Amino acid sequence: MTPGITRAISFGFILAANTVAAEEIAEVGVDWVGNDIIVEAVQDPSVPQVTCYVAYFDRSIIDRLQQGNWFEDPSYSAINCVATEPVPNDVLASLPRKENIFSQRQSLIFKSVNVSRIYDPERGALIYLSHASEVTQGSGKMALSAVVPVSP
């Protein structure tokens, strides 16, 4: 089975507010059983001048057979965001204080990795929070990146 098919089985469909799609940048093998770390680029739909790079774990078929819980990946993730060009002040002024910009399943039903944008107008910063959502027991697994967009 190809990695793309494995990923499709393990993650299901990409879900997002504003139908944001992630672009796979790299796949890095981490062990002999075929587990990988996937790095994807996610462009902010409301601030297209900002791109976030999200990394997450993709379990192999061998690991799924050995460990059980076939339809679930760990909810750890990492994020780093960058302003690739100046962000106009009117774009910043129109942003809500907090918005979920991306969500991707990490299990069949119970878990997903999300990226939320938080706007801090006092400091002129965009904060991107990558966090897991779990139906049961919540999750404290998160990563944070801040971008201070340069106005034109």
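All figures in this text were calculated on a predicted structure; none of them were measured in a lab.
- Of the inter-residue distances, the one linking Leu126 atom CG with Arg117 atom CZ reads 7.0 Å to the nearest 0.5 angstrom.
- Residues Pro86 and Gln49 share a closest heavy-atom pair of O-CG, 3.3 Å.
- Considering all non-hydrogen atoms of both residues, Ala83 and Pro149 come closest at CB-CA, 4.5 Å.
- With sequence neighbours excluded, no residue satisfies side-chain hydrogen bond (donor to acceptor under 3.5 Å, both in side chains) with Thr51.
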Could you go through residues 91-98 and list every donor-acceptor pair under 3.5 Å that involves a side-chain atom there, pairing it with any protein atom two or more places apart or in another chain?
| from | atom 1 | to | atom 2 | distance (Å) |
| --- | --- | --- | --- | --- |
| Ser94 | OG | Asp90 | O | 3.4 |
| Ser94 | OG | Val91 | O | 2.9 |

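- Residue Ala55 comes nearest to Val39 through the heavy atom pair CB-CG2, 4.2 Å, listed as atom of the first residue, atom of the second, then distance.
- Contacts of Val82 classified as side-chain contact (heavy atoms from CB on, under 4.5 Å), with partners at least two apart in sequence or in another chain: Tyr53, Thr84.
- Considering every non-hydrogen atom in both Val42 and Ala22, the closest pair reads CG2-CB, 3.9 Å.
- Minimum heavy-atom separation, Asn114 to Ser103: OD1-OG, 2.7 Å.
- Here the side chains of Pro45 and Ile101 are in contact, with some heavy-atom distance below 4.5 Å.
- To the nearest 0.5 Å, the span separating OG on Ser116 from CD1 on Ile127 amounts to 11.5 Å.
- Closest approach of Glu99 and Ser46 over heavy atoms only: OE1-OG, 3.6 Å.
- Every side-chain contact (heavy atoms from CB on, under 4.5 Å) that Leu129 has, sequence neighbours left out, goes to His131, Met142, Leu144.
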